[in-house]
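Keep in mind that this is a model prediction, so the values were computed, not measured.
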Amino acid sequence: SQLSNGWAWAGAPLIGQTWNLDLCYEMGEAIGNETMMLGINGWYGPGLNLHRNPLGGRNFEYYSQDGVHGGYIAAAVVQGVVDMGGHVYLKHAFANEQETSRQGVATFMTEQSIREIYAKPFEIAVKKGHANGIMSSFNLIGISSSASYAVNQQLYVNEWGYEGFSVTDFWVDGNPMCGWPMGDLIRGGVLPLCAMG
């Protein structure tokens, strides 16, 4: 995993296996410094989805199979990036644990499972890591996460106290995956942001 033309980092599961929040914070500091050295505005990361399936195509981007563990690891990394003046985009919010047919797949779950499992790492990274960006996901939980007022305003802002901004996952065939009513950015090939992973 790396920022474009940047240093290569160990995969997220290995970072999660350290259980070392100080080391994770130092990694975040280094990523924050790297964004400045490369002239990049932000990091499309870290990935906070869970290892729901051992064959998940993006498990290398996600810290853990446990939302609380992944959340604390992410919060340390995120705090390091933010302390260096960098921007993060926690991704992919949330329950985006499959790569096959992920565009528009309907993810069925209860509100309780969302809050206690799938949204938990995002919540911890916002509250403890002071994340300043969130990337929406392609999957549908009722409607597209990027278009959900309940998620983007009521959950992030009203409940978690989130003060950052959001970006859609990607512009696909002219469709920005339903930019949400308060949306700030649509991710496309022309933005000066750089993907890691």
| field | Test item: His87 and Phe165 side chains (from C-beta on) under 4.5 Å apart, heavy atoms | value | yes

| Shortest non-hydrogen separation from Ile124 to Gly67 and the atoms involved | CD1-O, 4.2 Å

| Joint cluster assignment, Leu21 & Ile31, ILVMFWY side-chain distance < 4.5 Å | yes

| Is the closest side-chain heavy-atom distance between Val81 and Thr35 below 4.5 Å? | no

| request: Check the hydrophobic clustering (I, L, V, M, F, W, Y; side-chain heavy atoms under 4.5 Å; chains of links allowed) and say if Leu155 and Val68 are grouped together. | output: yes

| Hey, is the main chain of Ala95 close enough, under 3.5 Å, to the side chain of Asn139 for a donor-acceptor pair? | yes

| What distance do Glu111 atom CD and Met109 atom CE have between them, rounded to the nearest 0.5 Å? | 12.0 Å

| Between Lys91 and Arg58, is any pair of side-chain heavy atoms under 4.5 Å apart? | yes

| Hey, are the side chains of Thr107 and Leu140 touching, using non-hydrogen atoms and a 4.5 Å cut-off? | no

| query | Side chains of Asn152 and Val157: does their closest heavy-atom pair fall under 4.5 Å? | reply | no

| Test side chain to side chain donor-acceptor pair (under 3.5 Å) applied to Thr18 - qualifying residues, sequence neighbours left out | none

| Where Gly70 and Pro121 come nearest, the two heavy atoms and their spacing | C-CB, 4.3 Å

| said: Count I, L, V, M, F, W, Y as connected when their side-chain heavy atoms are under 4.5 Å apart, and connections chain through other members. Are Leu14 and Tyr72 then in the same cluster? | reply: no

| field | Cationic N near anionic O, under 4.0 Å, Glu116 to Lys120 | value | no

| Just by modelled atom types, is the Gly16 backbone N or O under 3.5 Å from a matching donor or acceptor in the His69 side chain? | yes

| Looking only at atom types and distance, does a side-chain atom of His51 sit under 3.5 Å from a main-chain N or O of Asn59, one as donor and one as acceptor? | yes

| message | Counting C-beta onward and ignoring hydrogens, is there a side-chain heavy-atom pair between Ile117 and Asp66 closer than 4.5 Å? | response | no

| request: Run the numbers on Gln153 and Asn158 for side chain to side chain donor-acceptor pair (under 3.5 Å), then give the verdict. | output: CA-CA 6 Å; Gln153 178 63 43; Asn158 298 354; 2.9 Å; yes

| query | Are any of the side-chain heavy atoms of Glu97 and Tyr62 separated by less than 4.5 Å? | reply | no

| query | With distance as the sole test, does Glu123 use its side chain to make a donor-acceptor pair with the main-chain N or O of Trp160 at under 3.5 Å? | reply | no

| request: Walk me through it: do Gln79 and Lys128 pass the test side chain to side chain contact (heavy atoms under 4.5 Å, CB included)? | output: CA-CA 8 Å; Gln79 187 67 63; Lys128 298 200 175 290; over 6 Å; no

| Could Arg115 and Glu159 be called an ion pair, given the rule that one side-chain N must be under 4.0 Å from one carboxylate O? | yes

| Minimum-distance pair of heavy atoms, taken over all atoms of Val88 and Gly45 | CB-O, 3.4 Å

| said: Quick check on the 6.0 Å ring-centre criterion: do Tyr156 and Tyr149 meet it? | reply: no

| request: Looking only at non-hydrogen atoms, find the nearest pair between Ile15 and Cys24 and report the distance. | output: CG2-SG, 3.7 Å

| query | Is any side-chain heavy atom of Phe94 less than 4.5 Å from a side-chain heavy atom of Leu50? | reply | no

| Under 3.5 Å, side chain of Tyr63 to main-chain N/O of Asn49, donor-acceptor pair present? | no

| field | Distance, nearest 0.5 Å, that separates CD of Gln65 from CZ of Arg52 | value | 13.0 Å

| field | More than 12 heavy atoms from other groups under 6.0 Å of CD on Glu29 | value | yes

| query | Can you get from Leu23 to Tyr25 by hopping between Ile, Leu, Val, Met, Phe, Trp and Tyr side chains that sit under 4.5 Å apart? | reply | no

| task | Verify the cluster assignment for Ile73 and Met84: are they in a single hydrophobic cluster under the rule of side-chain heavy atoms below 4.5 Å apart? | result | no

| said: Keeping Tyr89 on the side-chain end and His92 on the backbone end, is there a donor-acceptor pair under 3.5 Å? | reply: no

| remark: Distance col, row Ser136:OG vs Leu90:CG, nearest 0.5 angstrom, shows 12.0 Å

